Amino acid sequence: MKMITFKHKYYFFSGKGGVGKTSLSSAMAVHLAGLGRKTLIITTDPAGNLADVFEQPLGHSVTPISGQPNLWAMELDPDEATAEYKERVLAPLKGIMAGPALKMMEEQLDSPCTTEMAAFERFVGFLDEDSFDAIIFDTAPTGHTLRMLELPADWSRVISEGAAGGAGTCIGPAQALADSKTKFDKAMEAMKNPRITKFVFVLRPEASSIEETRRALEELRPLGIGSAQLVVNGIIPEDACANDFFKRKLGDQVAAMREIIKLDPNTRSMFLQKDELKGLARLRSAGDRLFAAEATVGQVLATSAPAGRAPATGPVITDQKASEARLMESANGDSRLIFFAGKGGVGKTVLSCIAAVNLADKSRRTLLVTTDPAAHLAQVLGLKVGPDPAPVEGVTNLWAARLDPKSEAVKYKERVLGKARGKYSADRLAAMEEELNSPCTEEMAVFYRFVEYASSTEYDNIIFDTAPTGHTLRLLQLPVEWSKQLEIKTYAAAELSDVDAHAKSMFDKVIARLQDPARTAFVFVVYPEHTPIVEAHRAALQLESIGIDPAMVIANQVLPAGYCKQGFFAGRRKAQMRHMDEISELFKAPIISFPLLAEEPRGIEALRAAPISFS
């Protein structure tokens, strides 16, 4: 078998959540290591699953992969990175700064902004690493990855401005961060260099994945990054389509692949596997397939049935009645928060939209908000969704909004400066404005907007279509972290300022609301596969540690028994049923099954017709 070769040093795997980035980046790592290249694979996703894929313990340190020479792996842990960062920044100041000043610096570095910076700096450090021939980054879903790629230039600017003015930054003294600036500048040079860096976008042959990839490619260009390789994952094998249901789905995939090769004629392909892609043997086989010279989408199209959809011979689902998913209303009539959470790509957006339409149709004033930077609400609803709540056409009692970091940052800066004008001198205002130009401001602005929504009593239900698990956990833990931070200030200063006292009161109310099952419901969405189930269970345990219990688990894309009586899909359904048992063992909450549909619901009427009813 003739193989193609990539000889870059750095590889960034990105794409929509749930498309298979971790599996395929791991397959590439095994392949490169097998060729004798010293290879390191790192996950920058807060909910990384490399340990599950390689079936061995991994953590925040570079660890050799058992059974595969030349291969190491690491799961970047934001909390451990933060501890390392704080120690590095504070160490040179101990013995130089007076006790009160040092204590103030320590408190400043307890800011949640530091966590983002620390994890990011740890990642950047590997772009100046000479110990490996190849370094593969298994990144968070697209929106968060693009944010990460923008940060080197942003932080380099902030540190330069702080140093020029003899000032500090929100992450420490500018002079102490001079080494960081050098690293950030070198990181940008490396990422822009197509001879040493390759961006690999993994996508599924479906409209939402294509649109997100197209948008990501466009957003990379202003950063000076133009070298990208596309890989289409999850193609249904033609010989597995024993009935019209799967022939129809393959027909849709073929049509999608014809659109994909317009983006990249050299797009590579990976077929849907009978079993989950984990363990060295399966990863090695997948890597060989990925790098086979003939493994292109063009070759798949040349040997597949013509594009088009086989006619459905009956109902889309023949063996499943509509599921009833009861999201209990607050006993005292208070508005209710409903979170749809889980691994990227498991179907949170579709299910949150179905729930929103269902509840609004029952005369419940409902607001649907997405906190995911990828923001697929517009595609599912079939209309534009802006940064501020607006009525959804065709549904009485329903409003929708997307939480846009850049838009929120602009509003947040103007709000802070507006309150300061007339109270402080021009110099003080200028210093505040400079500090608000920090990349941290986006995270702070998004957080405060989330708190405003979570505090609102304007609606009967507020439904959050959340970002993938790790980022959602971070957002939900921030009220607790900031409340603790303000408690520290209370002990240090004996009393809080009026602004801080108001903020702490607001955070404490949100925490109490999140912890009250009568006012908040957390719905975990999973595929009946091991990795998304384990990720959701870990997240549930973390939420339990801050007093939040899941209200429901929805197993999505369950293969319908009527269409899986033999062959390839019979085996996949049998595996799914084993995982359904696993869900029952891990979660105490009610479990709802939602079937794989012939096509994903798009538009209000399709959402209303979905085989699940939320009440």
Side-chain angles (χ1 to χ4, degrees), residues 2-16 19-45 50 70-74 123-142 144-146 148-152 186-203 209 212-233 260-261 263-270 283 286-293 295-298:
K2 185 178 179 182
M3 309 296 282
I4 64 166
T5 56
F6 286 127
K7 297 183 178 179
H8 301 78
K9 179 167 183 179
Y10 305 112
Y11 299 87
F12 288 83
F13 274 72
S14 188
K16 186 177 184 291
V19 295
K21 297 184 297 293
T22 299
S23 299
L24 293 188
S25 60
S26 298
M28 183 180 199
V30 171
H31 181 80
L32 294 180
L35 296 177
R37 297 184 68 185
K38 289 185 66 176
T39 302
L40 170 64
I41 180 168
I42 304 166
T43 183
T44 64
D45 190 336
L50 282 183
N70 301 312
L71 183 58
W72 291 258
M74 173 182 174
F123 142 72
V124 165
F126 286 104
L127 289 172
D128 191 28
E129 172 63 63
D130 294 325
S131 303
F132 297 94
D133 301 318
I135 300 178
I136 298 173
F137 296 96
D138 165 41
T139 71
T142 316
H144 298 284
T145 300
L146 290 170
M148 181 180 71
L149 297 177
E150 291 172 344
L151 285 174
K186 291 179 73 172
M188 282 307 300
E189 289 177 15
M191 288 191 289
K192 289 179 180 179
N193 188 341
R195 293 190 301 275
I196 62 173
T197 299
K198 173 70 75 175
F199 284 82
V200 182
F201 283 92
V202 182
L203 65 164
S209 192
E212 184 161 325
T213 302
R214 181 184 286 115
R215 189 168 67 241
L217 292 171
E218 291 172 355
E219 291 185 33
L220 282 178
R221 291 192 187 102
L223 299 175
I225 298 169
S227 176
Q229 169 72 54
L230 304 190
V231 178
V232 178
N233 191 24
I260 291 168
I261 59 173
L263 295 175
D264 176 13
N266 298 312
T267 297
R268 308 203 64 72
S269 64
M270 179 63 68
L283 291 171
D288 290 344
R289 156 71 197 180
L290 187 61
F291 288 93
T296 64
V297 164

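Heavy atoms only: backbone and side chains are in, while hydrogens, waters and symmetry mates are out. Computed from a prediction, not measured in an experiment: that's the story for all the values here. For reference, positions follow the sequence shown, starting with 1.
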TODO: Using a 4.5 Å cut-off on heavy atoms from C-beta on, say whether the side chain of S269 contacts that of R289.
DONE: yes
Open item on the list: Please give me the minimum heavy-atom distance between L71 and A29, naming the atom from each residue.
Closed with: CD1-CB, 3.7 Å
Open item on the list: Donor-acceptor pair, distance only, cut-off 3.5 Å: does the side chain of Q229 make one with the backbone of D264?
Closed with: no
Task: V19 and N233, any side-chain heavy atoms less than 4.5 Å apart - done: no
TODO: Taking the side chain as every heavy atom from C-beta outward, state whether V232 and L203 have any atom pair closer than 4.5 Å.
DONE: yes
Task: Set of residues satisfying side chain to side chain donor-acceptor pair (under 3.5 Å) with respect to S23, sequence neighbours excluded - done: none
Task: Any residue meeting side-chain contact (heavy atoms from CB on, under 4.5 Å) with N70, in chain and number order, not counting sequence neighbours - done: A33, K38
TODO: Could you list the residues that satisfy ring-ring contact (aromatic ring centres under 6.0 Å, His included) with F132, not counting sequence neighbours?
DONE: W72
Open item on the list: Can you tell me how far apart CE (M28) and CG (L283) are? Round to the nearest 0.5 Å.
Closed with: 13.5 Å
Task: Partner residues of A190 under the side-chain contact (heavy atoms from CB on, under 4.5 Å) criterion, sequence neighbours left out - done: Y10, I196
TODO: Report yes if some heavy atom in the side chain of L32 is under 4.5 Å from a heavy atom in the side chain of Y11; otherwise report no.
DONE: yes
TODO: Decide yes or no for T22 and L50: does some side-chain heavy atom of the first lie under 4.5 Å from some side-chain heavy atom of the second?
DONE: yes
Task: Residues in side-chain contact (heavy atoms from CB on, under 4.5 Å) contact with S25, at least two apart in sequence or another chain - done: F13, I41, I136, D138
TODO: Can you measure from CZ (F126) to CG (L40) and round to the nearest 0.5 angstrom?
DONE: 6.0 Å
TODO: Can you measure from CG (L230) to OG1 (T296) and round to the nearest 0.5 angstrom?
DONE: 12.5 Å
Open item on the list: Rounded at 0.5 Å granularity, tell me how far NZ in K7 sits from CG in L35.
Closed with: 10.5 Å
TODO: Report the distance from atom NZ of K21 to atom CZ of F137, rounding to the nearest 0.5 Å.
DONE: 15.5 Å
- [ ] With sequence neighbours left out, write down each residue that passes salt bridge (charged side-chain N to carboxylate O under 4.0 Å, His left out) with R37, or none if nothing qualifies.
- [x] none
Task: Between CZ on residue R214 and CD1 on residue I260, distance to nearest 0.5 Å - done: 9.5 Å
TODO: With the side chain counted from C-beta on, respond yes when M270 and L24 share a heavy-atom pair under 4.5 Å apart, and no when they do not.
DONE: yes
